[in-house]
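What you see below is based on every heavy atom in this structure, not just the backbone, and it leaves out hydrogens, waters and symmetry mates.
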Amino acid sequence: NEFIRDIISLSNGNTQSTGQTAYLIIGAANARNLDNTRDLFDVGQFELSKKQIMDWVNSFADPPIEEIYPHFVTYQDKRLFVIAIPPSLYVHKITRDLQTAKTLYHKNYVFLRKGEDIYHADDAQVATLKAAKQSYFTHSKNVNPLWFGPLAGAISLGLINWIGIFGKTPEGQAFIG
């Protein structure tokens, strides 16, 4: 169940990670060594499909996690399982109690992630994270008008000049005035 907690917390992220893809690496130790590296463990030939992961995680997540990208990589002769978790517009909570090895998390719990740490989001943190996600997705989905306006104007003027000089559109259609 730590797996479910990790994916939901990585999808939620925090206000500083809004808009960034998160990665869960299976086969890398949780603890860092003195040189800041992690011990690696070969995950072998196990099979875990995207659908299996999504079904399992989304049996706890509300709203459901929309997308993940699981894949295997080989690094330092070890086979690792990496799950890329793209940014989500939503703040996800759990729909029922979730028992991990050390902690029981209750229904409606919202996980936040900051670096290696996972912690509970209070109502104010949830509202702040929702606003940050909404702002990111609003601005990343819309074309910046400071760039789009001059670009549209340049294209329009170029087309108008083309028609004025050649009497035809660039596709060869006769201009009907």
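Using the six-membered ring where Trp is involved, Tyr90 and His92 have ring planes that are perpendicular, over 60° apart on the 30 and 60° scheme.
With sequence neighbours left out, Lys107 forms a salt bridge (charged side-chain N to carboxylate O under 4.0 Å, His left out) with no residue at all. The salt bridge (charged side-chain N to carboxylate O under 4.0 Å, His left out) search around Arg38 returns Glu116, not counting sequence neighbours. When the salt bridge (charged side-chain N to carboxylate O under 4.0 Å, His left out) test is applied to Asp122, no partner is found at least two apart in sequence or on another chain.
For His120 and Tyr109, the distance between ring centers is under 6.0 angstrom.
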List the atom pairs, donor and acceptor, that lie under 3.5 Å between side-chain atoms in residues 69-79 and the rest of the protein, sequence neighbours left out.
unit_1 : atom_1 : unit_2 : atom_2 : d
His71  : ND1    : Tyr69  : O      : 3.2
Arg79  : NH1    : Gly44  : O      : 2.4

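Here the side chains of Asn1 and Ile4 are in contact, with some heavy-atom distance below 4.5 Å.
Rounded to the nearest 0.5 angstrom, Ile68 CD1 and Met54 CE are separated by 5.5 Å.
Tested against Ile85, the residues Ile7, Val57, Ile8 include a single side chain to side chain contact (heavy atoms under 4.5 Å, CB included) partner, Ile7.
Within the structure, side chain to side chain donor-acceptor pair (under 3.5 Å) contacts touching residues 12-30 (residues at least two apart or in different chains) are Gln16-Lys114. For residues 2-12, the salt bridge (charged side-chain N to carboxylate O under 4.0 Å, His left out) pairs, not counting sequence neighbours, are Asp6-Arg113.
Side chain of Asn58 to main chain of Ile65: a donor-acceptor pair is present (N/O by atom type, distance under 3.5 Å, no hydrogens or angles). The closest donor-acceptor contact from the side chain of Gln134 to the backbone of Thr138 lies at 3.5 Å or more, if one exists at all.
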Margin query: ring pair (Phe, Tyr, Trp, His ring centres under 6.0 Å), that's the test. Do Tyr119 and Phe111 meet it? Break it down for me.
Written below: CA-CA 6 Å; Tyr119 56 97; Phe111 300 105; over 10 Å; no
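Trp56 and Leu98 fall within the same hydrophobic cluster, where Ile, Leu, Val, Met, Phe, Trp and Tyr residues are linked whenever their side-chain heavy atoms come under 4.5 Å apart, directly or through other members.
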